[in-house]
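Below you'll find the structure, written out as structure tokens, and then a few comments.
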Amino acid sequence: MNVDLGNALETTPGLTEETLERLDDRVADAHDRIASGMADDEFGYAALNLPETTDPAAIREATDRFDRPEAVLTVGIGGSALGAATLANALESDVDAYFLDNVDPDAVASLLDDLPLDETVVNVVSKSGTTAETLANFLVVREAMAEAGVDWTERTLVTTGKEGNLRALADDHDLPALDVPDGVPGRFSALSTVGLAVPALQGHDIEAILAGGSDGMASLSGSLFETPAYAYGAATYALAERGALTNAVMPYAESLETFAEWFAQLWAESLGKDGLGQTPARALGATDQHSQLQLYRAGPPDKLVSLIRPTERAETAIPETDLDGLAYLGGSSLGDLLDAEFEATEASLAAADVPNLRIEIDRVDERSLGELLYAMEAACVLYGELASVSTFTQPAVEWGKKAARGLLGGGDFPEADAVADKRELRIDGS
Ligand SMILES: O=P(O)(O)OC[C@H]1O[C@H](O)[C@H](O)[C@@H](O)[C@@H]1O
């Protein structure tokens, strides 16, 4: 994996080589803090040890008891879904992966109608075991299985903390259960049981995913010039300080589209604190060149664009044509075209002085994905250190969770009272 900062030099906002040299002293201090947090398995920092602390054999022991299913249905939300979804949607498998991470009744009903429930493994994931959406969806899924004559206890895998509702359910019904490791916030859990059970059920090489994470771990050092993850974290931080308040993440590979969603949670929940942060925007190359790029290039100069690509792709040749004006495409390939679009977008942003960062992975496979996920987590932790925010908490999200629970009669939460204070200025249509 490599990160190229060249197109963020002398842009608006922008960096200079001198800025980066000066910042490198702070990166060294931040790295010391990160390394000591890792050594002590401190809350949050422990996530950066996962390539070494996750036990793939324990994951396989829990997943191997299910004969190769037709589908895996994960019931979870946020960090309990997005890591697994990133891996499942990036890697090809004949075991289909679905994710119930919302409680839209139409979407839930239509998914349950379509799924072969007797051939599906239900993977219910909640670190806290209290998230209303996840537990409600699980109750709905469980009932759908019972109605279809499927013994849900035979087809359910639970991943949760050591205590709580889900743990009790797993114990009561003797369900296979994986532990969410201590000290690992949900959005940093992709390389743990939380992110790896689905790829294991799909037959992917989870050891290779962890090996990729280990590659990222081995490259952590006290200098941003030697650590791609820190180069990305330091540059995004410094650009945000200079006004790049939006980070448009634009993978040039459809298989990485969900990665941008995972990144959005990581960046938003970790860094959006104390009036600081950088808004992650999700885009896909080349598709969004034809929609969002106009804004990124010519809108307010408050953005940076992160362009991500694999350097190796499958080849699909573009057939020769004698159509005037299209002959230049013939003999080329879709991959060449996508790469040309990638480089053209970089150049077009640079020509308009818009900072853009290039991230390259070797190819979309287990090892490179493990390295990419690890590197972005390390980048985020470094950014949090430089910005002095509390990277591993999410009090603003918890506030809304409590208000919703209170509204539904799930406890006495003062946050729920605020809902009654909503101001109205309503304009009715016909
Ligand atoms: O895994 P759970 O406890 O169900 O939590 C799922 C999600 O809930 C909240 O929204 C948190 O802000 C997220 O960080 C977390 O990933």
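Source: prediction; values computed, not measured. Both counts, for ligands and for their atoms, begin at 1 and track the order of listing.
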Aromatic plane relationship, Trp267 with Tyr383 - under 30° parallel, 30 to 60° tilted, over 60° perpendicular: perpendicular
From Glu360, Glu346, Glu341, residue fulfilling salt bridge (charged side-chain N to carboxylate O under 4.0 Å, His left out) relative to Arg309: Glu360
side-chain contact (heavy atoms from CB on, under 4.5 Å) against Glu385, all qualifying residues, sequence neighbours excluded: Ala30, Arg33, Ile34, Tyr45, Val381
Partners meeting side-chain contact (heavy atoms from CB on, under 4.5 Å) with Leu284 (sequence neighbours left out): Glu254, Glu257, Thr287, Asp288
Enclosure of Glu52 CD (heavy-atom neighbours >12, cutoff 6.0 Å): no
Proximal protein residues to ligand 1, non-hydrogen atoms under 4.0 angstrom: Ile77, Gly78, Gly79, Ser80, Ser126, Lys127, Ser128, Thr131, Arg187, Gln265, Glu269, Gln394, Val397, Lys401
Any pair counted as ring pair (Phe, Tyr, Trp, His ring centres under 6.0 Å), so long as it reaches residues 181-226, sequence neighbours left out: Phe188-Phe392
